[in-house]
Structure formats: structure tokens, C-alpha cells
There are 2 protein chains.
Amino acid sequence: MKASVAMIEPNCHFCSDCAVRGFAVCASLDPAELREFEHLGRRVHFGSGETVFSEEDITTSFYNLLEGVMRLYKLLPDGRRQIVGFALPGDFLGMNTSGRHNFSADAIGAVTVCQFAKVPFGRFMEERPHLLRRINELAVRELSQARDHMVLLGRRAADEKLASFLLGWRLRLQSLNGVSDMVPLPMSRQDIADYLGLTIETVSRTFTKLERHGAIEIVHGGISLRDPALVEALAAA
Amino acid sequence: MKASVAMIEPNCHFCSDCAVRGFAVCASLDPAELREFEHLGRRVHFGSGETVFSEEDITTSFYNLLEGVMRLYKLLPDGRRQIVGFALPGDFLGMNTSGRHNFSADAIGAVTVCQFAKVPFGRFMEERPHLLRRINELAVRELSQARDHMVLLGRRAADEKLASFLLGWRLRLQSLNGVSDMVPLPMSRQDIADYLGLTIETVSRTFTKLERHGAIEIVHGGISLRDPALVEALAAA
DNA sequence: CGCCAAATTTGATCTGGGTCAATCGGCTTT
DNA sequence: AAAGCCGATTGACCCAGATCAAATTTGGCG
């Protein structure tokens with residue numbers, strides 16, 4: 001939404017001690033490859049609300065999210081928005097066949113990405129099938145998530161949507177931060193609404209309803225799961 | 001839905017004169033590789049309504065659709081169904097990370113697939129990065145379609161959904177059969193409803209409404225686009 | 001051709017979630 | 001600490017699409 005005034009950090013970092021080393025695309029590279037890979041990417045910071053790339057942009061870079069959360073979305077000409085996913089550290093963004101990004105991505109809060117120019121990255125991947133295999137694995141996993149999201153959007157009621165979202169989000173955070181009943185929600189109610197195919201009012205009412213039923217507690221910056229089994233029952237439905 | 005009594009044809013066919021040779025996964029193989037590849041797949045026929053594989057099945061095979069149309073769908077425990085896509089000749093099915101199919105697939109009308117056992121296919125692909133690249137390309141394209149479908153499900157009204165579906169389906173058929181204003185619809189109204197996140201009644205009413213407005217004509221086995229520009233205006237909206 | 005079963009269309013009514021309109025509450029600014 | 005702002009909540013009302021209930025059409029099949 002805001003004009004990009006992203007800060008580019010002098011590249012004084014090493015892949016070997018990168019926070020996402022173990023589970024991002026680079027997990028497929030051995031130490032020798034990693035040293036070469038290091039020269040391909042540069043760290044870039046984005047502030048809250050800044051746009052990292054837009055739907056119709058020609059793809060010149062791929063991105064590996066290192067820190068923070070991003071919203072990935074598509075807009076209709078009249079401004080309706082559908083958030084197609086939230087990106088977390090370790091997610092790889094920018095693959096496409098058309099030569100253009102087919103969704104937009106903004107930072108939710110401060111974000112750090114590892115940016116790769118498309119051409120050198122493609123050349124590097126050319127002769128490293130295991131990197132391609134890793135990227136394919138990530139694409140196939142995303143495809144599976146996308147299909148789950150379609151079921152949610154097409155066939156679930158508002159309370160089921162919210163319950164599934166909370167559990168799914170918690171699960172993704174678990175692999176980064178460990179298990180907890182506290183679920184931080186860095187995105188706004190509007191973001192949640194646009195992710196679930198609802199309005200902000202319905203999201204707010206549904207949160208309140210879940211809280212009244214003792215399923216969750218709404219706390220500053222997120223929610224706390226009071227009765228995980230109840231929420232799971234709603235989400236399974 | 002029906003128990004599978006699929007007919008397995010003695011493998012007397014050659015990849016080189018396969019109908020989907022030019023645009024399926026095998027498009028990435030040279031003539032020598034193709035001869036080897038030939039021994040990996042076997043043609044299998046399915047009758048109308050037969051299930052090719054189910055959501056929770058362990059993946060033992062991949063499939064290349066040769067002839068016919070399939071519906072790909074997920075079910076909720078209470079029977080609600082979301083169709084996540086329709087497969088057409090050239091589509092490659094079965095990739096996943098979990099070891100299980102994450103959706104079910106039935107034949108809509110008679111279908112022929114080229115079935116590959118997972119392990120030998122994986123071994124063959126292992127040493128042919130261009131085949132992997134081709135599969136990745138197909139996955140990334142599907143991901144883009146999936147995101148468009150999310151926008152449709154989450155943010156579009158019934159008439160916009162139907163108009164987008166008709167145009168999208170026509171476009172896919174175009175690359176197989178050439179341009180035409182006649183759009184065959186081999187799937188049932190219920191299938192269309194489950195694809196669009198609507199009920200069968202709403203789909204039927206919306207078809208009638210589009211016909212009354214002179215946008216389409218409902219003909220046996222499909223529709224005819226009477227005013228493509230009008231339909232496009234609705235779909236763009 | 002005539003009969004039954006299934007698919008589709010049409011009609012009447014209902015309702016979940018949208019729309020419109022106030023508040024509310026937590027930050028920032030001064 | 002008062003004012004202003006913005007996101008979130010709550011309330012009143014409405015409507016697109018769901019649900020329930022018939023017709024009507026279509027397709028197989030003896």
C-alpha cells in the first residue's frame with residue numbers, strides 16, 4: 001500500500017547462521033553450495049505495511065522470508081480483496097510460469113527477506129536438481145494448503161472458518177515457536193476477514209461468540225485457546 | 001463413488017503417438033527417453049462416475065489424464081463437497097508431500113489415464129531434471145489457478161462465479177479443441193455448484209438469468225455464448 | 001412407445017452474513 | 001490530560017443465496 005522505501009542492508013551475513021537455514025529452500029544445499037549461494041541473495045528490510053511486490057509486476061526476484069509475517073493477496077478491479085495466504089519465515093515467494101507475480105505481498109509488521117535476482121538464481125538452480133526438488137516440494141505443499149483453503153472458502157460457515165483459521169495458524173507458528181495456547185495474531189481483523197471471505201464485522205462478532213462460549217479468550221495482540229477441543233470440534237464440523 | 005472395476009488395456013500403445021504427447025509431462029522427454037518411459041506407464045480406462053483415487057489413499061501411482069474429464073474434490077465429514085478443480089487431458093495428478101492423495105478424483109464420463117507406479121516413476125525422474133522442471137512448471141501453474149479459484153470462492157457473487165467459470169472452462173477447452181462459442185459442460189449442475197461454492201438451485205437460477213439477459217443460450221450438454229462481451233463484463237466485475 | 005428414475009428448473013420462504021451506523025477503547029500528539 | 005485517530009466492537013436492518021417443496025424435463029430401458 002505504501003511506497004517502498006525498503007532498507008537494503010550491506011550483505012555482512014552468512015547463510016550458515018541464518019535463522020531459516022534448516023527449513024527454507026536452502027535446507028537442500030550442502031556447506032560448499034551454501035557459500036556460493038550466499039553471494040546470490042541480499043537481505044532487505046521492509047517496514048509495516050510496505051509492499052514487497054505487486055500482482056502485475058514482472059518477476060525480477062524471488063524472495064525467501066527470514067523474519068516477520070506477510071499477507072499475500074489478490075484484488076478485484078473494484079477493490080474487493082482476497083488474501084490467499086500469510087507467509088512466515090522460511091516461505092519461498094515468487095515462483096510463477098507467466099513471468100509475472102500473480103499476487104501481491106505486503107509486510108505485516110517489520111519484515112526481513114533474502115532477495116535473489118531471478119536470472120542468477122535460475123542459473124544456480126539449473127545445475128542443482130536437489131534445489132529444484134526442494135522448491136517443487138514447497139510448491140506441492142502450498143498446493144495442498146490452497147485446496148484446504150478452497151474448502152474453507154466454499155463450504156464452511158463463519159464460525160467454522162474462524163476456528164479452522166485459528167488452529168491452522170497456531171499449527172504453523174508451532175513449528176517456529178513451539179507449542180502454546182497463546183496464539184498471536186499480528187494481522188488486522190480486516191486481514192482475517194479477507195482471508196476467510198467474510199466481513200470485518202462478522203469476524204469480530206464470531207470472535208466474541210467464541211469467547212462467550214468459553215472456547216477462546218481475546219487478549220491483546222491475539223487470542224488464547226481456552227478450550228482447544230471445542231475449537232477443534234468447530235473446525236472439523 | 002462406484003467401486004472401481006477399471007479396465008486395464010494390454011499396453012500396446014506408444015507414447016510417440018499419444019494424444020497428449022505435446023503438452024503433458026512427457027513433452028519434456030526426447031525420443032530416446034520416451035521409449036524408456038513407455039514401459040513405466042500403462043493405460044487404464046474408467047467408466048462414468050468411477051473413482052480413480054480417494055483423498056485418504058496412500059499414493060502408489062501418479063496419473064496422466066489422456067482422455068475425458070475428471071472432478072477433483074474434497075469432502076467434509078458431514079458430506080459437504082468442494083470441487084477443487086476439473087482435470088482435462090494432459091493434466092498430471094498425484095503429486096504430494098504427505099504420501100497420501102489430498103483430494104479424490106472421479107471420472108466424469110469415460111476416462112483414459114496413463115498410470116505410473118510411484119517408485120519407478122520417481123527413479124526415472126531422479127536422473128532427469130528436465131522432467132522434474134516440467135512437473136514443477138505444472139504445479140506452479142496449478143497454484144496460480146488455485147489462487148484465482150480462492151478469489152472466486154471468497155469474493156465473488158453467484159453470477160460473477162458462473163460467468164468466470166464458463167469463460168475459464170471455455171479457455172481450457174480452447175487449447176484442446178480450438179475456439180468456439182459452444183461450451184460443452186460434461187459435468188452435472190451439482191458438480192458446477194460444488195465447484196463454485198453454491199447450491200444446485202442457485203446455479204440453475206443463475207443459468208436461467210444469464211439466458212434471459214441474452215448472455216448465453218442453454219443447449220443440450222452445455223451452453224452457447226450469445227454475448228461473450230456481456231459474460232466477460234460480468235466475470236471481470 | 002411408454003414408464004420409471006434421476007436431473008433440472010421453478011416457486012415460496014427463511015436466514016446467515018452483509019450493510020449501514022453508532023460507539024468504544026487504546027494510542028499518539030500536543 | 002485533553003483531543004484526535006484508528007481499529008475493533010456492537011446494534012439494527014436487509015438481502016443474496018440457502019432451504020424446502022413442487023413441477024418439469026430428460027434419459028434409460030423393457
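These values consider heavy atoms only, across backbone and side chains, with no hydrogens, waters or symmetry-generated copies. Residue numbers start from 1 in every chain, and the chains themselves are labelled A, B, ... in the order their sequence lines are given, proteins ahead of strands.
Looking at residues two or more places apart in sequence or on another chain, you find a salt bridge (charged side-chain N to carboxylate O under 4.0 Å, His left out) between A:R147 and B:E142. Taking the salt bridge (charged side-chain N to carboxylate O under 4.0 Å, His left out) definition, one finds that B:K209 meets it with B:D159, sequence neighbours left out. Shown here are the ring pair (Phe, Tyr, Trp, His ring centres under 6.0 Å) partners of B:Y63, two or more places apart in sequence or in another chain: B:F53. By the salt bridge (charged side-chain N to carboxylate O under 4.0 Å, His left out) test, A:R100 pairs with no residue at all, sequence neighbours left out. For B:Q145, the side chain to side chain contact (heavy atoms under 4.5 Å, CB included) test picks out B:R141, with sequence neighbours left out. Residues satisfying the salt bridge (charged side-chain N to carboxylate O under 4.0 Å, His left out) criterion with A:D17, sequence neighbours excluded, are absent altogether. For B:L66, the side chain to side chain contact (heavy atoms under 4.5 Å, CB included) test picks out B:C18, B:V20, B:R43, B:T112, B:C114, with sequence neighbours left out.
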If you look only at distance, which donor and acceptor atoms sit under 3.5 Å apart when one is on a side chain in residues 161-173 of chain B and the other is two or more places apart or in another chain?
residue : atom : partner : partner atom : Å
B:K161  : NZ   : B:L196  : O            : 2.9
B:S164  : OG   : B:E160  : O            : 2.7
B:W169  : NE1  : B:P184  : O            : 2.8
B:R170  : NH1  : B:S180  : O            : 3.3
B:R170  : NH1  : B:D181  : OD1          : 2.9
B:R172  : NH1  : B:F86   : O            : 2.7
B:R172  : NH2  : B:F86   : O            : 3.2
B:R172  : NH2  : B:D91   : OD2          : 2.8

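A side-chain donor from one of A:T202 and A:T199 sits under 3.5 Å from a side-chain acceptor of the other.
If you measure from atom CD1 of A:I218 to atom C1' of D:dG7, you get 14 Å, rounded to the nearest angstrom. A:I216 places its CD1 atom 10 Å from the P atom of D:dT9, with the value rounded to the nearest Å. Rounding to whole angstrom units, CD1 of residue A:I200 and P of C:dC20 are separated by 15 Å. Protein atom CD1 of B:I223 is 12 Å distant from nucleotide atom P of C:dT9, rounded to whole Å. The separation between A:L210 atom CG and D:dT9 atom P is 12 Å, rounded to whole Å. In this structure, B:K209 places its NZ atom 15 Å from P of C:dT9, rounding to the nearest Å. Rounding to whole angstrom units, CG of residue A:D194 and P of C:dG18 are separated by 11 Å. C:dC24 atom C1' lies 18 Å from atom CZ of A:F207, rounded to whole Å.
For residues 218-230 of chain A, the set of pairs meeting the salt bridge (charged side-chain N to carboxylate O under 4.0 Å, His left out) definition, not counting sequence neighbours, comprises A:E217-A:R226.
DNA chain C lies under 4.0 Å from at least one heavy atom of each of the following residues of residues 181-190 of chain B: B:S188, B:R189.
A rotation axis mapping the C1' atoms of four pairs onto the next four is fitted at both ends of the helix from C:dC1-D:dG30 to C:dT30-D:dA1 over five pairs, and the angle between these axes is 40° to 10 degrees.
Between A:D191 and A:R81, at least one side-chain nitrogen of the basic residue sits less than 4.0 Å from a carboxylate oxygen of the acidic one, meeting the salt-bridge criterion.
Between B:D159 and A:S204, the residue anchored nearer the 5' end of DNA chain D, judged by the nucleotide with its closest heavy atom, is A:S204.
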_Under 4.0 Å protein heavy-atom contact, by nucleotide of nucleotides 18-28 of chain D - B base, S sugar-phosphate only_ = SBB------S-

